[in-house]
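Here is the structure we will look at.
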Amino acid sequence: MRVRRLSRPPRFVSWASVGGYEESRGPLGEKLDFVDKTDTFGQKTWELAEGEMGRCALNMALTKAGLSHDRLELLVAGDLQNQCVASSLGAGSFGIPFLGVYGACSTCTESLLILSVMLSEGCATLGAAATTSHNSAAERQFRTPVEYGAQRAPSAQWTATAGGAFILSSDYGIISCERKGSVELSEVAVGKIIDGATADGSNMGGAMAFAAADTILSYFEETGNDPAMFDHIVTGDLGRVGSDILRHILGEKLPKAVSRHTDCGLLLYDSEIQDVHSGASGCGTSASVLAAHFLPALERGDLSDILFLSTGALMSPSSVLQGRNISAVAPLIRLTHRDNEKTEREEPSNE
Amino acid sequence: MDIYSEKGKKRLIKRYTPKTKLFKTSILAFIFGGTICALGEALRILFVNLGLEDKLAVTLVSLSFVAIASVLTVIGLFDRIARHAGAGTLVPITGFSNSVTSEAMDSASEGYVLGVGSKIFTVAGPVLLYGTAAGVVYGIVYFIAKLIEGGAVR
């Protein structure tokens with residue numbers, strides 16, 4: 001069994017999203033909490049800019065919840081840079097016990113998964129998860145210099161300059177903060193590493209589609225849930241190519257799930273007017289779309305139940321040059337709207 | 001549980017991955033590359049008319065393009081042009097200039113010795129290495145050809 005129902009499901013107390021220039025031009029531009037159209041976030045280097053994005057997002061989430069940072073007992077954060085340096089640069093000033101995680105583009109879900117399990121198990125009662133990615137920092141590290149003039153493949157995706165921070169609490173008895181929140185993180189599933197069958201670094205969506213399919217199919221097989229129970233099955237950043245492949249697989253194996261599928265990488269940008277090829281990528285994609293789009297809808301009750309999984313392409317510039325296939329992993333979380341008055345809803349059991 | 005075999009996955013990826021529009025990109029590369037070459041010729045004629053020797057004029061044309069591409073890179077225009085031009089801006093010396101300038105800009109934050117100094121030719125490295133190597137091979141071929149011709153090698 002890989003799907004776990006949390007014994008004390010934590011709730012989202014608050015969240016915040018940040019974005020850069022391209023993100024501000026996209027369909028979600030208006031919904032982002034903070035946008036810096038220069039992409040620098042007032043910093044001298046792209047690496048620091050990414051750190052500042054995470055710090056901004058966390059700060060805004062804290063402000064929204066009316067909390068001071070010393071109330072947080074745990075911060076699980078990650079980004080796209082080597083050794084998660086952006087997260088530690090950004091979050092260092094807060095002095096919160098810190099876990100740096102790296103799951104490539106799956107970092108958002110991975111950090112929420114780890115945090116929620118720790119909260120559920122009583123390791124902390126109030127914690128935060130934060131995820132960022134910065135286009136220029138990622139280009140430098142994984143591809144070519146920022147201003148290098150190259151033509152990109154049609155299947156290539158645009159690493160988002162975006163991020164999100166989430167504050168969660170499992171405190172049911174004593175209200176530990178002003179807001180309780182009505183979005184519950186109820187189930188988690190850790191995905192397996194699935195071979196993407198391609199070594200093409202400009203087709204990560206295609207390589208990641210199989211990991212997403214594996215996690216989704218395993219989830220429904222194990223729980224026996226009906227895809228129709230969910231408003232959406234959200235993937236992180238498969239983009240156009242990856243989404244097409246995933247829908248093809250779901251169409252063969254689980255046709256009911258096809259119409260439920262939606263992808264953050266296709267929501268962040270308007271591919272008609274923005275030159276982003278196959279869509280958005282980078283762990284900030286799922287973090288910002290979750291914080292700017294899905295969580296507000298869940299909080300309001302417009303959405304009642306979603307499965308959220310982001311996919312990470314596990315490769316390095318060296319592994320790609322050495323001709324190794326890109327592997328991918330897709331952790332999954334289930335986000336459910338709960339009315340604060342009603343306590344528990346009847347759900348089909350996993351067991 | 002593997003959803004599909006490696007072969008099946010590859011087939012799916014191939015099916016859904018859009019191909020580069022060869023015709024469109026080739027035409028664009030031809031137009032941009034051709035324009036650059038025509039500009040080069042115009043510059044050469046200009047330099048010759050200014051009284052320079054032809055050989056010096058040709059060298060100056062290359063230098064001019066290196067300078068222009070470098071400036072365009074710094075002001076952030078080069079990559080926007082190259083997005084459409086493709087090989088049209090990559091193949092002429094403009095591509096070399098852009099690769100060096102952009103890497104220098106990026107690594108400047110890491111210091112002038114270990115940053116710029118060690119990384120400036122990261123992208124341009126292959127051009128330097130294989131350009132030099134090709135020069136050596138050409139020299140050897142030229143030397144042997146002259147020997148066979150029986151003429152004195154000077």
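The chains referred to below are lettered A, B, ... by the order of the sequence lines, with proteins before strands, and numbering in each begins at 1. Side chains included, hydrogens not; waters and symmetry mates left out as well; all remaining heavy atoms used.
Listed by sequence position, A:P145, A:V146, A:E147, A:Y148, A:G149, A:A150 are the residues of residues 143-150 of chain A in contact with chain B, using a 4.5 angstrom heavy-atom cutoff.
Considering only heavy-atom pairs separated by less than 4.5 Å from chain B, the leading option among A:A207, A:S155, A:P154 is A:P154. The candidate from B:G95, B:G8, B:S99, B:S107 with the greatest count of non-hydrogen atom pairs under 4.5 Å with chain A is B:S99.
In the displayed structure, B:E41 atom CD is contacted under 6.0 Å by more than 12 heavy atoms of other residues, nucleotides or ligands.
Checked against salt bridge (Lys or Arg N to Asp or Glu O under 4.0 Å), A:R140 has the following partners two or more places apart in sequence or in another chain: A:E47, B:D106, B:E110. Residues that satisfy the side chain to side chain contact (heavy atoms under 4.5 Å, CB included) test with A:A257, not counting sequence neighbours, are A:P227, A:I233, A:L250, A:L254.
If you take OG1 on B:T17 and CD1 on A:I245, they are separated by 5.5 Å, rounding to the nearest 0.5 Å. Within the model, atoms CG of A:L246 and CG of B:L12 stand 10.5 Å from one another, a figure rounded to the nearest 0.5 Å. Here the OG1-CD distance, from A:T198 to B:E6, works out to 9.5 Å after rounding to the nearest 0.5 Å.
For A:D244, the parts lying near chain B are the backbone and the side chain together; criterion is any non-hydrogen pair under 4.5 Å. Using a 4.5 Å cut-off between heavy atoms, A:D200 does not touch chain B at all. Contacts of A:E252 with chain B are made by side-chain atoms alone, with heavy-atom separations under 4.5 Å and no backbone atom involved. Residue B:K21 does not touch chain A at all, counting heavy-atom pairs closer than 4.5 Å.
With hydrogens and angles ignored, the 3.5 Å screen pairs a side-chain donor or acceptor of B:K10 with a backbone N or O of A:A197. Judged purely by atom type and a 3.5 angstrom limit, B:K9 has no side-chain atom pairing as donor or acceptor with the backbone of A:G206.
Between A:T45 and B:S109, the shortest heavy-atom contact is CG2-CB, 3.5 Å.
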Identify all side-chain donor-acceptor contacts of residues 78-94 of chain B below 3.5 Å with residues at least two apart in sequence or on another chain.
residue: B:T89; atom: OG1; partner: B:G86; partner atom: O; Å: 3.3
residue: B:T94; atom: OG1; partner: B:T89; partner atom: O; Å: 2.7

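For the side-chain hydrogen bond (donor to acceptor under 3.5 Å, both in side chains) criterion with B:Y16, the lone passing option out of A:R247, A:H248, A:R240 is A:H248.
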